[in-house]
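All residue numbers in this chain count up from 1 along the given sequence. Side-chain atoms are counted along with the backbone in the values below, which use heavy atoms only and exclude waters and symmetry mates.
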Amino acid sequence: MVKPQPEQGCIGHFGPGNPFIRGERVVVRCPYGQPGDRLLTREAWRTLTEYDAHPPRDVPVGASIWYEADGHAPADFGRYRHARFMCRWMSRGIDEVVNVRVERLQDISEADARAEGIFQHVRGGWHWHKHDSSNLDDWNQFGYRTARHAYQSLWEQINGAGSWDTNPYVWVVEFKRVMP
């Protein structure tokens with residue numbers, strides 16, 4: 001979300017894909033990056049239990065890494081490590097910012113909602129919370145009709161009931177993977 005929210009007519013561009021918001025005295029550029037910026041992909045991780053006592057910087061380069069996003073770790077992987085403690089060599093990739101724009105929240109497209117992590121469950125419906133269980137009782141019973149509708153639910157889960165209806169301006173930052 002853009003903070004503070006701009007008034008109508010305050011959005012301009014330094015150039016293609018490089019928006020700014022002009023206030024009475026300040027120009028606010030996107031705090032999440034500008035086109036051309038490269039960002040290290042960090043995520044929660046684990047390594048083998050033999051390295052549990054090691055700080056991340058002392059885990060040997062090339063040691064086996066398990067990424068939390070991949071589900072339950074095998075038994076030989078140790079304690080949970082927060083993404084902020086991931087070393088560069090452990091990362092699965094580097095992303096480059098290719099476009100930045102400002103738009104109203106409710107202008108999100110189906111494709112953009114999917115890019116935000118909304119996915120279609122194999123048993124139907126669009127969802128925003130992955131579970132390791134295939135039991136539909138662990139999911140929203142039927143899922144949402146569209147990815148956009150599921151994203152609306154996620155937005156309100158994070159930002160509070162009714163926050164979707166205010167239709168705030170949001171930063172939209174598009175990436176491309178430059179190093180797997």
Side-chain angles (χ1 to χ4, degrees), residues 1-14 16-23 26-35 37-45 67-72 80 82-84 86 91-178:
M1 190 174 345
V2 174
K3 295 182 182 180
Q5 286 288 290
E7 296 177 17
Q8 283 287 75
C10 291
I11 299 172
H13 289 84
F14 287 121
N18 200 353
F20 70 89
I21 296 173
R22 184 177 33 251
V26 296
V27 173
V28 179
R29 292 178 69 150
C30 179
Y32 305 109
Q34 300 299 314
D37 287 353
R38 290 193 169 198
L39 307 170
L40 182 65
T41 305
R42 292 181 187 243
E43 55 189 306
W45 58 283
Y67 304 96
E68 290 296 296
D70 292 340
H72 288 297
Y80 171 93
H82 192 279
R84 83 181 85 152
M86 176 176 268
S91 175
R92 291 200 263 196
I94 295 176
D95 295 332
E96 182 176 318
V97 177
V98 294
N99 189 33
V100 178
R101 68 182 185 275
V102 175
E103 69 182 25
R104 291 290 197 165
L105 173 64
Q106 293 179 17
D107 291 341
I108 191 169
S109 68
E110 282 290 301
D112 287 343
R114 289 190 300 273
E116 289 289 336
I118 303 301
F119 66 99
Q120 193 165 24
H121 189 274
V122 294
R123 296 190 53 198
W126 292 92
H127 300 270
W128 53 265
H129 187 263
K130 290 188 178 183
H131 267 275
D132 295 318
S133 172
S134 60
N135 181 351
L136 277 182
D137 292 337
D138 292 342
W139 297 77
N140 173 320
Q141 184 72 26
F142 300 104
Y144 296 95
R145 293 183 321 273
T146 66
R148 198 173 167 280
H149 189 219
Y151 184 74
Q152 175 183 348
S153 171
L154 174 60
W155 180 272
E156 290 202 337
Q157 177 75 22
I158 294 168
N159 297 290
S163 59
W164 177 266
D165 296 331
T166 64
N167 198 20
Y169 285 102
V170 294
W171 293 108
V172 180
V173 182
E174 295 177 0
F175 304 90
K176 73 175 179 180
R177 179 62 44 108
V178 293

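Nearest approach of Cys30 to Val100, heavy atoms of both residues: CB-CG1, 3.6 Å. For Glu116 against Ile108, the heavy-atom pair with the smallest separation is CG-CD1, 4.3 Å. Counting all heavy atoms, side chain and backbone alike, Gly93 lies closest to Ser91 at O-OG, 2.9 Å. Closest approach of Tyr32 to Leu39, counting heavy atoms only: O-CD1, 4.3 Å.
Listed by chain and residue number, nothing satisfies the side chain to side chain donor-acceptor pair (under 3.5 Å) test with Glu156 (two or more places apart in sequence, or in another chain). Here Gln106 pairs with nothing under the side chain to side chain donor-acceptor pair (under 3.5 Å) rule; sequence neighbours left out. In this structure Trp155 satisfies the side chain to side chain donor-acceptor pair (under 3.5 Å) test together with Ser163, sequence neighbours excluded. The side-chain contact (heavy atoms from CB on, under 4.5 Å) check on Tyr80 picks up Ala44, Arg46, Glu68, His82, with sequence neighbours excluded. With sequence neighbours left out, Ala111 forms a side-chain contact (heavy atoms from CB on, under 4.5 Å) with Ser109, Arg114. Residues satisfying the side chain to side chain donor-acceptor pair (under 3.5 Å) test with Arg42, not counting sequence neighbours, are none.
At a threshold of 4.5 Å between non-hydrogen side-chain atoms, the residues Val170 and Glu103 count as touching. Side-chain contact check for Asn167 versus Arg104: some heavy-atom pair is nearer than 4.5 Å. Between Val98 and Phe175 the shortest side-chain heavy-atom distance does not fall below 4.5 Å.
Going from atom CG of Leu105 over to atom CG of Asp165 covers 10.0 Å, rounded to the nearest 0.5 Å. Taking CG of Asp112 as the reference point, atom CG of Asp107 lies at 10.0 Å (rounded to 0.5 Å). We find the CG-CD distance between Asp70 and Glu43 to be 7.0 Å, quoted to the nearest 0.5 Å. Expressed to the nearest 0.5 Å, how far CE of Met86 lies from CZ of Arg84 amounts to 13.5 Å. The structure places CD of Gln152 at 5.5 Å from CH2 of Trp164, a figure rounded to the nearest 0.5 Å. Summarising the geometry, atom OG1 belonging to Thr166 is positioned 7.0 Å from atom CD belonging to Gln5; distances are rounded to the nearest 0.5 Å.
Side-chain N or O atoms of Thr41 include none that pairs as donor or acceptor with a backbone N or O of Arg92 at under 3.5 Å. Side chain of Glu110 to backbone of Ala147: a donor-acceptor contact under 3.5 angstrom is found.
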